[in-house]
Amino acid sequence: MVRSLGVLAVLSVMLVGVSSAYAHDADLTASFNGVGAGVAEQVSHGDSDPWAGWVNVSVTNTGSDPWGDFHFEIYDPIGGQNISNVDWQEAMGLDPYSTQTGLSWVIDNTPVGAKIDLYYYNDPVLPGETAEFHVYNVNPDMLSFFGIMFYPTPVPEPGSLLLLALGAVALKRSR
């Protein structure tokens, strides 16, 4: 009996140690049969000291459209919380990264519910493939609970890409 209590105590300490060491990171797995914000996965995230961490997502494309970008947003799952200070980060080794090559991103931390959009049009996630995305966020207000929403969007059709390229050229020339 004493020996089994000792083993139980050691296991409890090990589990608490593992749990608290990784409580600020979020490791998520999902699959998407569609694209766009209408198919978004929403998860509640319990955060703890150091109030920052990686969101690591492994996703499988079970739909019929290839994905060209992936999006993350912060949201308030319980209502009434001020989550305007939970932000996505980049720089100093905290840049987003992925299994998809040619990754670029745009971060918008100004709205309540910060957003990060990841783009990888030259290496889309095809139907049946799995991809991994890693983004870093900080929580200086030390909120113990907030939500993370994520979803893919399709590779734009060639006509849309042509219009986007022409707009970029026109913008560059106007400077």
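- A heavy-atom distance below 4.5 Å is found between the side chains of Tyr121 and Pro156.
- Contact of the Ile83 side chain with the Leu143 side chain is registered, since non-hydrogen atoms from C-beta on lie closer than 4.5 Å.
- Rounding to the nearest 0.5 Å places CZ of Phe72 at 11.0 Å from OH of Tyr151.
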Start with the C-alpha gap between Phe145 and Asp47, add the side-chain angles, then the distance that decides, and say whether side chain to side chain contact (heavy atoms under 4.5 Å, CB included) holds. CA-CA 6 Å; Phe145 194 68; Asp47 207 2; over 6 Å; no
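- Without hydrogens or angle criteria, Gln100 side chain to Asp123 main chain gives a donor-acceptor distance under 3.5 Å.
- The backbone N or O of Phe32 lies less than 3.5 Å from a partner atom in the side chain of Thr62, making a donor-acceptor pair.
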Kindly determine whether Trp67 and Leu126 satisfy side chain to side chain contact (heavy atoms under 4.5 Å, CB included), including the steps that lead there. CA-CA 7 Å; Trp67 304 340; Leu126 301 175; over 6 Å; no
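- Remark: Tyr136 pairs with Trp54 by the ring-ring contact (aromatic ring centres under 6.0 Å, His included) rule, at least two apart or across chains.
- With 3.5 Å as the limit, one finds a donor-acceptor pair spanning the side chains of Thr60 and Thr130.
- Thr110 contributes atom OG1, which lies 9.5 Å from atom NZ of Lys115 (distance to the nearest 0.5 angstrom).
- When Val138, Leu94, Asp117, Val135 are each tested for a side-chain contact (heavy atoms from CB on, under 4.5 Å) with Trp88, only one passes: Val135.
- Between Ile74 and the options Ile116, Asn137, Asp87, a side-chain contact (heavy atoms from CB on, under 4.5 Å) holds for only Asn137.
- Put simply, the side chain of Asn56 never gets that close to the backbone of Asp27: no donor and acceptor are under 3.5 Å apart.
- No side-chain heavy atom of Phe133 sits less than 4.5 Å from a side-chain heavy atom of Phe150.
- Residue Asn122 places its CG atom among 12 or fewer non-hydrogen atoms of other residues, nucleotides or ligands, all under 6.0 Å distant.
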